[in-house]
Amino acid sequence: MLRVRFAPSPTGYLHIGSARTFIFNWLYARRHGGTMILRIDDTDIERNTDQSLQSIFDGLNWLGLGWDEQYRQSDRLDLHRNAAYQLLASGAAYRDFVPAGTDEGEKSHHDGPWLFNPGQREISVEESDRRAAAGEPFVIRYKVPRDSSEIITFHDLVYGPQSKSCNDIEDFALLRSNGMPTYHLASCADDADLNISHIVRGQDHLSNTFKHVLIFRALGSKIPEFAHLPLLVAPDGAKLSKRKHGPVVSVTTYRDAGFLPHTYVNFLCLLGWSPKDNREQLTRQELVDIFSFEGVNRSNAVVNFTEDNPIDAKALWLNSQHMRSMPVEDLLPYVEPVLAEAGLAVPYPAPWLATTVDLLRARFNTLLDYPTRGRAYFADDFPVEADAVKNLDKPGAREGLRALGAKLEANPEFTEASVEKDLRDLADELGVKAGLLINGARAALTGQPVGPSAFHVFTAIGRDRAIARLKAV
RNA sequence: GGCGCUAUCGUCUAACGGUUAGGACAGAGCCCUCUCAAGGCUUAAAUACGGGUUCGAUUCCCGUUAGCGCUACCA
């Protein structure tokens, strides 16, 4: 049974790279009928916050992909501690009584890695037990083999065969002196206990995997498959960091910018993975059907953003593509709440919203465009842009538009065709170009110099409102 | 410093020894047109560098350089 997990630690908001890791895990699980597990890795009690936990759930819920099982590491501390003591008992680990932060060998970092605190590995079991019983603080470390220069190997589904000498692996900590497990221990103990079959995570864990192989081995557990993902980096090439790059790396930035959740999923998939057939816009089902680690590349991907524009241009384009191509009835549930939040009501009964959204979406890029650029369709109070005023100020424009208002009022028919005929007839009568009235009408009806074909605007605004706006110029 | 990973247009990427190095976004131009978009067409833009291997390297090997990651009782 294929089982994968996404294991965020609640120390900040859900960031874009984490979101992608979640998505790739989810895709892989769905692709192969496996189980998707959400595990909150909250063993760092110093840095965890409830607010962060909430924002992770907010982000995940917004993506709308869901998961099958959920765990929290802090509920499973006994499991982790038992694992640590199992390793201690089997001789795979030992107590290190050197106080935190005073590791000897810190200074020897220049000529090589720090490997262990001298003398600690050799403390006898009896002495170790006695000092622990006496209350002396200690950390439990993995006793990495030192006698032979053993090579640890594993095969990564993305990066291929990996190997590292034990001479380059330090005696990493398993259990802190405060009794809390470290990430390495908790993660492996849980992965083993939860029968995780594939570990899919960021490439920043590639080097750590050797330690994990060591832990799984000492625990007597089956070693899972690994798939490491290239990192998402900032335009300057640096790892995306919450601290350095601010909220632009948060999932909520795209949500709040009016993106469809699926656009974001689609966009993130294209960062570090390719369907290899030049397709870019893909539905969720298409992604599930074709996702594989074969298509994941090995170099970091740059997320394009600047301080004044946190949104990657390609993501914006992708969003406009999705908005235009999805069934309009599927788009409405996303548009409606955005309108409501802006305090805008839908002015006409049922078919109208679908028709109007369909009219507008060809030139809109985000959901936020509906209440802003599309405000005139939903409300009578809307701003009149300077360039729209220019159209209205053209000689004869205002008079012509008022006359058009009267003419439309006198004609009970109000269709695109009838409005066009009335307008063109009037232009002839007045001896002005039809464009003067057409562009003027758009300006009068929407307050904007640009937008959909004017005659479509008339029917979308509706007879009464259109006439009123024309007469008011 | 040590270890690991990576290197194709500005960005995301395709080409798993033989292509005029392809696509997309962003840029420029043209067409369409009641405006603006959309759409169509065109254009500019890349194999980090140096050695090998080979009849032939973007592709395989080595080195250099650069970037990233790990090197915490963070994850």
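Throughout, protein chains are lettered first and strands after them, A, B, ... in sequence-line order, and every chain is numbered starting at 1.
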When rounded to the nearest Å, what value does the distance between C1' atoms of B:G69 and B:A75 take?
14 Å
For B:C3 and B:C49, measure between their C1' atoms and round to the nearest Å.
24 Å
Does the plane of the ring in A:Phe22 sit parallel, tilted or perpendicular to the ring in A:Trp67? Use 30° and 60° as the thresholds.
perpendicular
I'd like to know whether the aromatic ring centres of A:Phe293 and A:His198 sit less than 6.0 Å apart in this structure.
no
Identity of whatever pairs with B:U54 - Watson-Crick or G-U, under 3.5 angstrom:
none
Any strand is fair game: report the nucleotide pairing with B:A44 by Watson-Crick or G-U wobble, both distances under 3.5 Å, or none.
none
Any idea which of B:U13, B:C12, B:C5 is nearest the A:Ser274 side chain?
B:U13
Could you tell me which nucleotide pairs with B:A21 by Watson-Crick or G-U wobble geometry, both distances under 3.5 Å, or answer none if nothing does?
none
Tell me the partner of B:C9, counting only Watson-Crick (N1-N3 plus N6-O4 or O6-N4) or G-U wobble (N1-O2 and O6-N3) with both under 3.5 Å; none if nothing fits.
none
Searching all strands shown, indicate the nucleotide that pairs with B:G39 (Watson-Crick or G-U wobble; both distances under 3.5 Å).
B:C31
Would you call the rings of A:Phe364 and A:Tyr370 parallel, tilted or perpendicular, where under 30° means parallel and over 60° means perpendicular?
perpendicular
From the options B:A24, B:C5, B:U11, select the nucleotide whose nearest atom is closest to the side chain of A:Val302.
B:U11
Pairing partner (Watson-Crick or G-U wobble, both distances under 3.5 angstrom) of B:G4
B:C68
If you go through the side-chain atoms of A:Asn208, does one of them form a donor-acceptor pair with the base of B:A75 closer than 3.5 Å?
yes
Ignoring hydrogens and geometry beyond distance, is a side-chain donor-acceptor pair present between A:Gln281 and A:Ser325 at under 3.5 Å?
yes
Hunt down the Watson-Crick or G-U wobble partner of B:C49, both distances under 3.5 Å, from any strand shown, or write none.
B:G63
Report yes if a donor N or O on one partner sits less than 3.5 Å from an acceptor N or O on the other, where the partners are the side chain of A:Ser177 and the base of B:C73; otherwise report no.
yes
So if I take every side-chain heavy atom of A:Ala313 and compare against B:A75, B:C25, B:C68, which nucleotide ends up nearest?
B:C25
Looking at the base of B:A14, is there any donor atom on it, or on the side chain of A:Lys276, that sits under 3.5 Å from an acceptor on the other one?
no
When you get a sec, tell me which of B:G69, B:C34, B:G23 is the closest nucleotide to the side chain of A:Leu231?
B:G69
Counting only side-chain heavy atoms from C-beta out, which of B:A14, B:A75, B:C73 sits nearest to A:Arg47?
B:A75
Aromatic contact, A:Phe259 with A:Tyr264 (centres under 6.0 Å)
no
Rounded to whole angstrom, note down the P distance from B:C32 over to B:C41.
16 Å
Is it the case that A:His80 and A:Asp190 place a side-chain donor and acceptor less than 3.5 Å from each other?
yes
Indicate for each nucleotide in nucleotides 37-43 of chain B, in 5' to 3' sequence, whether protein heavy atoms under 4.0 Å reach the base (B), only the sugar-phosphate (S), or nothing (-).
BSS----
Distance between the P atoms of B:G50 and B:U71, in whole angstroms?
36 Å
Could you give the distance separating B:C62 and B:U53 at their P atoms, to the nearest angstrom?
15 Å
B:G4 versus B:U11 - spacing of their C1' atoms, nearest Å:
27 Å
Mind checking whether A:Phe216 and A:Phe226 have parallel, tilted or perpendicular rings, split at 30° and 60°?
tilted
Of the listed B:G22, B:C70, B:U6, the closest approach to the A:Asn278 side chain comes from B:G22
Once hydrogens and angles are ignored, does a donor-acceptor distance under 3.5 Å link the base of B:C36 to the side chain of A:Arg442?
no
Give a yes-or-no answer on whether the side chains of A:Asp42 and A:Ser74 include a donor-acceptor pair shorter than 3.5 Å.
yes
